[in-house]
Amino acid sequence: MLAPVADELVRYIADQHLIASTVIGHSLGGELALMLAERSPTPVGRAMMVDALPYLPLMFSLEATPASIAPMAAAMPDKTAVQSSTEFAAAEPAAMARLS
C-alpha cells in the first residue's frame, strides 16, 4: 500500500530538484519516511519517525508473527470493501479506541 506513495514522493523530490530533504512522518507516515529515504536516488538529508510501533500486529496479539497475522491481513481489504457506509461508521469507534 505504501510503495506507490513512496515512489510518487521520490518522483516529486526529483521533479522539484530537492536536495537533502528532511522527511518527518507520524506512525504509518514514519514508515513511509523511512521507505522514501531508502528508495530515493537523491539522498534524503534526515528522516524522522514519530510515535510508531515497531510491529503493528502486536496491537492485536502479543503473540503475533508474520505467519499468524497473514490470514487477517489478507482478509482486511475484502472485509472493508463489502461494508456499507453505515457498517463502516458503526465499526469506527471500536477501531479508533484500539488505535488511541
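Reckoned from all heavy atoms, side chains included, excluding hydrogens, waters and symmetry mates. Every value quoted in this text rests on a predicted model; they were computed, and no experiment measured them.
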Should the heavy atoms of other residues, nucleotides or ligands under 6.0 Å from CZ of Arg39 be counted, would the total exceed 12? yes
Given side chains that start at C-beta, do those of Ser27 and Asp51 come closer than 4.5 Å, heavy atoms only? no
Should Thr22 and Met48 be marked as a side chain to side chain contact (heavy atoms under 4.5 Å, CB included) after you check the CA-CA gap, both sets of side-chain angles, and the distance that decides it? CA-CA 8 Å; Thr22 298; Met48 180 186 294; over 6 Å; no
What distance do Ser40 atom OG and Tyr12 atom OH have between them, rounded to the nearest 0.5 Å? 13.0 Å
Sequence neighbours excluded, which residues qualify as side chain to side chain donor-acceptor pair (under 3.5 Å) partners of Ser68? Thr65
Shortest non-hydrogen contact between Met49 and Glu31, atoms and distance: CE-N, 3.4 Å
Arg11: partners by side chain to side chain donor-acceptor pair (under 3.5 Å), with sequence neighbours left out: Glu8, Asp15
Minimum heavy-atom distance Pro77-Ala73, with the two atoms named: CD-O, 3.3 Å
Nearest heavy-atom approach of Ala6 to Leu36 is O-CD1, 4.0 Å
Within the 4.5 Å heavy-atom criterion, are Leu18 and Ser21 side-chain neighbours or not? yes
Give me the atom names and distance for the closest heavy-atom approach of Ala37 to Val44. CA-CG2, 3.7 Å
Any salt bridge (charged side-chain N to carboxylate O under 4.0 Å, His left out) pairs touching residues 74-83, not counting sequence neighbours? none
Does Ile24 share a hydrophobic cluster with Leu9, counting links as ILVMFWY side-chain heavy atoms below 4.5 Å and allowing steps through other members? no
Should the heavy atoms of other residues, nucleotides or ligands under 6.0 Å from CD of Glu38 be counted, would the total exceed 12? no
Joint hydrophobic cluster, Leu28 plus Met35, side-chain heavy atoms closer than 4.5 Å: yes
Under 3.5 Å, side chain of Glu87 to main-chain N/O of Ser84, donor-acceptor pair present? yes
Using the rule that two of Ile, Leu, Val, Met, Phe, Trp, Tyr join whenever any of their side-chain heavy atoms come within less than 4.5 Å, decide whether Leu32 and Val50 are in one cluster. no
For Pro71 versus Ala67, what's the shortest heavy-atom pair and its separation? CD-O, 3.5 Å
